[in-house]
Amino acid sequence: MAAGDLAGSFQDEVTCPICLEYFTDPVTIECGHNFCRACLSRCWGESEPNFSCPQCRETIPQRHLRPNYQLGNLVELVKRLRLPVGPAPQGQPGCERHQEALKLFCQEDQDPICVICRESRAHRAHTAVPIEEAAQECKEQILSCLQRLREERDALRGLESDWAEESERLLGVRSAVSRGEAATSPHPAPKCPELEQRIRDFPGENSLQGAVTGFLGALAAERGLRRARGFAVDVTLDPDTAHPKLVLSEDRKRVRHGDTRQDLPDNPERFDPCPCVLGAEGFTGGRGYWEVEVGDKTGWDLGVCRESVSRKGKITYTPGDGCWVVVLRDGGYKACTSPWTPLPVSARPSRVGVFLDYEAGEVSFYNVTDGSHLFTFTGTFSGTLRPYFSPFLNAGGTNAAPLTICPVPAQAGGNPCP
């Protein structure tokens, strides 16, 4: 399907046949067609005994309007997409750099691009697809999510109706007993805590927009992680900065907290007493991404710090002190803002991704286990920044597992300086 046809299909689905504008407060009538509530009221008037559908002309015996909340939500989603399609007509946005139509979509950068951008150094190694394919994929994901939500809502409504009928029957029995009348032996109310909880948790129709928004947020996080992975860099550990109790592997990809203090030179770069180590690579610009296997450790610290961070004495984990760090402490994940920010997680991360965008002033953390976004620090960077690692304390062997820097599937685009 051509991009223009796809955009037209979107618009047809969310356009009122009467006013030819996006639906406002859409309602469904008996024949199944949809209209703006105000448009239908004006069309039908107030005193006619019978009504007909303005679209198919079928006679409607009763003036019964059913709100169509799902269609209203879809209208809002289509308004928010604003995807460019096909050659840009006069007055519509095109490529700001080349003044060409935005016909392609870069999968790594998640941005629309023109054919000249596609051949440039910035996008030559990236995957690009026609803009209509990207739009169709997004549409299919949204519609699939909506269909799943409708099916689950309908199933829950059926169970809720059965529960209500049984409860009403038992209220009648209780009423008879309270009046002292003879009653048949009452049956105890069925217990279904799982159903009750699902009904309480399931979003009502007015909250369906929130459910879809949550789905879109997860989709954005997944695309953000995929984009970050396009800037993967080969990070190794710097042994000259490692605390004397930290044990590094020969390939300088793993670090654990040992039981004894090693006899190492007390050079100015070495951290002491904080049990941490820096990456050997420094960043003065550009972007870089790396992943760290944390496994089932009960404590760890990961992030980025300034080259000038204090090596001797206590380190304060705040951006103001040159540290952009996320930690695991006492079973909880926290971003080291001031004060620290608790991070809710849907799945315990066994691998964590760190993405530094120097020019944008961002350090983002991802739960690679489920593809979710954990946190993003924002600010302004200066000087050299380096990856930061701490396996935290051994804790009598309960936290002895190492932190391991892992290879990333797609490595391209990062630019650390030595």
For the backbone of [Y] and the side chain of [X], can you confirm whether one donor and one acceptor N or O come within less than 3.5 Å of each other?
{"X": "Ser249", "Y": "Lys253", "answer": "yes"}
{"X": "Asn367", "Y": "Ala347", "answer": "yes"}
{"X": "Thr241", "Y": "Leu278", "answer": "yes"}
{"X": "Asn73", "Y": "Tyr69", "answer": "yes"}

* SB check Lys103 Glu132 (cutoff 4.0 Å) ->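 Salt bridge between Lys103 and Glu132, a charged N being under 4.0 Å from a carboxylate O: no.
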
* Is any NZ, NE, NH1 or NH2 atom of the basic residue among Asp321 and Lys314 found under 4.0 Å from an Asp or Glu carboxylate oxygen of the other? ->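 Salt bridge: no.
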
* Taking atom types as modelled and ignoring hydrogens, do the side chains of Thr284 and Thr384 form a donor-acceptor contact shorter than 3.5 angstrom? ->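 No pair is found: no donor N or O on one side chain lies under 3.5 Å from an acceptor on the other.
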
* Asked: Between Phe381 and Tyr358, does the ring centroid distance fall short of 6.0 Å?
  ->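 Yes; Tyr358 has its ring centre under 6.0 Å from that of Phe381.
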
* Verify the ring-centre separation between His373 and Tyr366: is it less than 6.0 angstrom? =>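 Yes, the ring of Tyr366 comes within the 6.0 Å limit of the ring of His373, centre to centre.
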
* Asked: So does Asp296 have more than 12 non-hydrogen atoms from other groups sitting under 6.0 Å from CG?
  ->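 Incorrect, the count does not exceed 12.
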
Considering residues at least two apart in sequence or located in another chain, which fulfil the salt bridge (charged side-chain N to carboxylate O under 4.0 Å, His left out) criterion with [X]?
{"X": "Arg223", "value": "none"}
{"X": "Arg348", "value": "none"}
{"X": "Asp25", "value": "Arg37"}

Could you tabulate the donor-acceptor pairs under 3.5 Å formed by side-chain atoms of residues 330-340, not counting sequence neighbours?
{"unit_1": "Thr337", "atom_1": "OG1", "unit_2": "Pro339", "atom_2": "O", "d": "2.4"}
{"unit_1": "Thr337", "atom_1": "OG1", "unit_2": "Thr341", "atom_2": "N", "d": "3.4"}
{"unit_1": "Thr337", "atom_1": "OG1", "unit_2": "Thr341", "atom_2": "OG1", "d": "2.7"}

What residues form a side chain to side chain contact (heavy atoms under 4.5 Å, CB included) with [X], not counting sequence neighbours?
{"X": "Thr378", "answer": "Glu362, Thr376"}
{"X": "Ala400", "answer": "Asn394"}
{"X": "Leu393", "answer": "His257, Pro275"}

For [X], all residues meeting side-chain hydrogen bond (donor to acceptor under 3.5 Å, both in side chains), sequence neighbours excluded:
{"X": "Arg351", "result": "Glu291, Glu293"}
{"X": "Thr380", "result": "none"}
{"X": "Asp301", "result": "Tyr317, Arg329"}
{"X": "His126", "result": "none"}

* Residue pairs, two or more places apart or on separate chains, that pass salt bridge (charged side-chain N to carboxylate O under 4.0 Å, His left out) and touch residues 378-395 ->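 Non-adjacent pairs meeting salt bridge (charged side-chain N to carboxylate O under 4.0 Å, His left out): Asp238-Arg386, Glu307-Arg386.
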
Side chains of [X] and [Y]: does their closest heavy-atom pair fall under 4.5 Å?
{"X": "Val27", "Y": "Leu40", "answer": "yes"}
{"X": "Leu104", "Y": "Ile131", "answer": "no"}
{"X": "Pro54", "Y": "Phe35", "answer": "yes"}
{"X": "Leu246", "Y": "Pro391", "answer": "yes"}
{"X": "Phe365", "Y": "Phe377", "answer": "yes"}

* Asked: What is the distance from atom CD of Gln107 to atom CD of Glu133, rounded to the nearest 0.5 Å?
  ->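 It comes to 9.0 Å.
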
* **Point-to-point distance, once rounded to the nearest 0.5 Å, from CG of Leu356 to OH of Tyr289** =>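 If we round to the nearest 0.5 Å, Leu356:CG and Tyr289:OH are 13.0 Å apart.
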
* salt bridge (Lys or Arg N to Asp or Glu O under 4.0 Å) between Arg287 and Glu359, intermediate numbers included -> CA-CA 8 Å; Arg287 300 161 176 165; Glu359 279 73 23; over 6 Å; no

